[in-house]
Amino acid sequence: MRTDTRVTPFWRTVVIVLTVLGVLLAMNQVFFWNVGGLSLLTNSYLYLVLGAFLPVVFIVHPLRKEPLARRVAADGEPGGGADCPRVAWYDVVLMLVTAAVCLYFAVNGTRIKDYGWEFVAPTAATAASLVLWLVVLEALRRTGGAVVTVIALLFSVYPLVAEDLPVGVLQGVTYDLPTLAQVHAMGAEGVLGLPIQTAATILIGFLIFGVALQHTGGADFFHNLSMSIFGRYRGGAAKVSVASSAAMGMMSGSAVSNVLTTGPMTIPAMKKSGFSSTYAGGVEATAASGGSITPPIMGTAAFLMVSFVGVPYTEILVAATIPAVLYFLGIYLQVDGYAARKGLRGVPARLLPRTLATLVQGWPYVLALGLLTGLLFLTNSEAQVPYWVVLVLLAVAVLRPGRTFGPRQFTDFLVDAGRTLSSIIGIIAGVGLILGGLTATGVSLSLARELVSLVGDNVVLILIAGAVTCFILGTGMTISAAYVFLAIVMVPAVVELGVNPIAAHLFVIYWASVSYITPPVGLASFAAAGLAKAPPMATSVAAMKLGAVKYIVPFGFALNPALVAQDSPGRIVLAFVLSVAGVYALASAIEGWIVGFDRRMPVLFRVASAAGGFLLFLPTVPTAVAGLALVAGSVLLTFLTVKAGPTDDDDDPVPAQAPAPVTATV
């Protein structure tokens, strides 16, 4: 375990104070407390949120980011480090300037609205706008990386030259520099646009819930629960990785941090059980990258959908359930096929924790998730729900006998909450500059129209183009940044061609997230490869194969809205059953092994099974019949013509060893 020498006790105190102030501000707004009779305008509230969390970015994130490979090499611990540079004088200057500028705007919130400072502002407000623009870009660089910052910078200055561009579709309204700075800083579509509005009202509570779940022992509980359920079956260590990484990713929403958190436990266990280093890293990376699409918490982009689509979060939660189930089912089936083909065994049941005992011991986490999900559906205030659940979770952690959750653990929780919230706020504020640049010029609507005119009525063609664009943007941008850009540019065009709005937005999120496991970037795969001591590119290829369902399911639900619960109950059930059969066929074809029948599938039958599996995702009767025929035929012929049993005789089965159960802290 490394010590974070950057966040010293003094700076820990500063982070805690700013985090508490920011959270109390959010709660005051969400619960309508109006402390002291003070009712904040929305813009003043958003500036205060930025003033609370952006300074934390300059405390916890150094000027130069530690390389991912170096972080992985240092005991698999994300962030910090014994050689992490201390907070420098320029970090302090940035903190103070950011806080002062945000406070200035917050105090003048009423004047900004009443006197139209967005276009005509005093000199001081214009200067403050330029400063806010710059500090937001620097916060984005430290939290999201250089590539997304360059993209945000280009889009934010784009209105300066929009009128003079030679490409007609890119021509739009042009601004001078002072006015553009005012639009970005004080307009409703720039830094204060939909992304930060969503983050400040809904996302803060859910992020705190995820951090609280981890710090009270939720990660350990889900790992032990996964061991108790899946560990005894063949390839059990990998199946534990799939389940525990799904649960952890659901809490954190970050693929890379998920790998760095659960990987040190799951990857060695998989290697001891007989999985190759490359395959073990691929399993962890693929499972970890599914956290951002897994209800009930999901990732940042899912909450941004609330504002873009204009529906309650519960509707998005329901819509994302079937695709998430299909994704993890695909990984599970491929892992099972690999284990069967290699003759790998599970862990003896006597060495594993008991499921019932684990559930009894971890009842606070089950209660927390149940409360969160239930209250989301039963109440009309989804922004308030996570705060109530966090209160229950922390109260249980403090009062439960035999567990330690004292001042030290509570301050660790607050510091980690500050890290998480500041990183997300830093990214989302920067993403607002992309939104502002496109909206200010009026180009966003024209781009959507041009896309529709270019492809005509071909929905599949625009989905393919969108998938490629999502993937390319995802290699250099965070999922939330790529989502915001495409939600403005591409989604309106897709919706205009008849695709369900929720399906269209989820399509973008899925395809933006595949870059985390796909070569040549594959950040989650590279992180897992470092932990597994495996070749990064080979690990990324293994992850891509394991996550193949993630490439196909989005096309399925874009063309068949029943897969995102946007149809009648009967059609939803039918679509789910057929898609489960489709995932089974795809997993068998990719792994080359018929799960349940334990036979190697010949190449020709694999092709037929894959084609049939894809057809089962489509909404028409002929495609369903053809898909079922291809899948049934390939499975039946393989069963009749191929001998059962493991076929990789050169690989000696490795008896599984039980990974040590983790003791929860609550």
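Since the model is a prediction, treat every value here as computed from it, not as a measurement.
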Taking every non-hydrogen atom, the tightest pair across [X] and [Y]:
X	Y	value
A587	G330	CB-O, 4.1 Å
A624	L616	O-CD2, 3.5 Å
A585	S609	O-OG, 2.9 Å
G282	T286	O-OG1, 2.6 Å
L132	C102	CD1-SG, 4.1 Å
A26	Y45	CA-OH, 3.2 Å

Name each donor-acceptor pair under 3.5 Å that joins a side chain in residues 539-546 to protein atoms two or more places apart or in another chain, with its distance.
| unit_1 | atom_1 | unit_2 | atom_2 | d |
| --- | --- | --- | --- | --- |
| T539 | OG1 | P535 | O | 2.8 |
| S540 | OG | I517 | O | 3.0 |

Those residues that, when tested against [X], pass ring-ring contact (aromatic ring centres under 6.0 Å, His included) (two or more places apart):
X	result
Y47	F105
Y551	W511
Y313	F206, F303

For E284, the side-chain hydrogen bond (donor to acceptor under 3.5 Å, both in side chains) test, sequence neighbours excluded, returns S241, S245, T262, T266
Results of side-chain hydrogen bond (donor to acceptor under 3.5 Å, both in side chains) for T98 - residues two or more places apart only: none
[X] [atom1] to [Y] [atom2] distance, which is reported to the nearest 0.5 Å:
X	Y	atom1	atom2	result
I196	T42	CD1	OG1	13.0 Å
I552	F614	CD1	CZ	7.0 Å
T149	L433	OG1	CG	10.0 Å
M186	K113	CE	NZ	11.5 Å

Which side-chain N or O atoms in residues 503-510 pair as donor and acceptor under 3.5 Å with protein atoms at least two apart or in another chain?
| unit_1 | atom_1 | unit_2 | atom_2 | d |
| --- | --- | --- | --- | --- |
| H505 | ND1 | Y483 | OH | 2.7 |
| Y510 | OH | A324 | N | 3.4 |

Worked verdict on V583 versus F617 for side-chain contact (heavy atoms from CB on, under 4.5 Å): CA-CA 9 Å; V583 168; F617 285 98; 3.8 Å; yes
All N/O donor-acceptor pairs, side-chain side in residues 559-577, below 3.5 Å, sequence neighbours left out:
| unit_1 | atom_1 | unit_2 | atom_2 | d |
| --- | --- | --- | --- | --- |
| N560 | OD1 | A562 | N | 3.4 |
| Q566 | NE2 | V564 | O | 3.2 |
| S568 | OG | R571 | N | 3.4 |

Which residue pairs pass the ring pair (Phe, Tyr, Trp, His ring centres under 6.0 Å) test when at least one of the two sits in residues 137-179, sequence neighbours left out?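 Counting only pairs at least two positions apart or across chains, the ring pair (Phe, Tyr, Trp, His ring centres under 6.0 Å) contacts touching residues 137-179 are F155-F485.
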For the pair [X] (side chain) and [Y] (backbone), establish whether a donor and an acceptor sit closer than 3.5 Å, ignoring hydrogens and angles.
X	Y	value
T439	G436	no
Q384	V30	yes
R606	S588	no
T179	D176	no

Non-neighbouring partners of E118 that pass side chain to side chain contact (heavy atoms under 4.5 Å, CB included), sequence neighbours left out: V183
Only distances under 3.5 Å count here; give the side-chain donor-acceptor pairs of residues 136-148 to other protein atoms, sequence neighbours excluded, each with its distance to 0.1 Å.
| unit_1 | atom_1 | unit_2 | atom_2 | d |
| --- | --- | --- | --- | --- |
| E138 | OE1 | R141 | NE | 3.0 |
| E138 | OE2 | R141 | NH2 | 2.9 |
| E138 | OE2 | R142 | NE | 2.7 |
| R141 | NH1 | L63 | O | 3.1 |
| R141 | NH2 | L63 | O | 2.6 |
| R142 | NH1 | H61 | O | 2.8 |
| R142 | NH1 | D91 | OD1 | 2.8 |
| R142 | NH2 | D91 | OD1 | 2.9 |
| T143 | OG1 | A139 | O | 2.7 |
| T143 | OG1 | L140 | O | 3.4 |

Test log, rule side-chain contact (heavy atoms from CB on, under 4.5 Å), inputs F308 and V484: CA-CA 9 Å; F308 278 103; V484 168; 4.2 Å; yes
Given side chains that start at C-beta, do those of F555 and L618 come closer than 4.5 Å, heavy atoms only? no
Pairs in or reaching into residues 191-200: which pass side chain to side chain donor-acceptor pair (under 3.5 Å), with residues at least two apart or in two chains? T198-S307
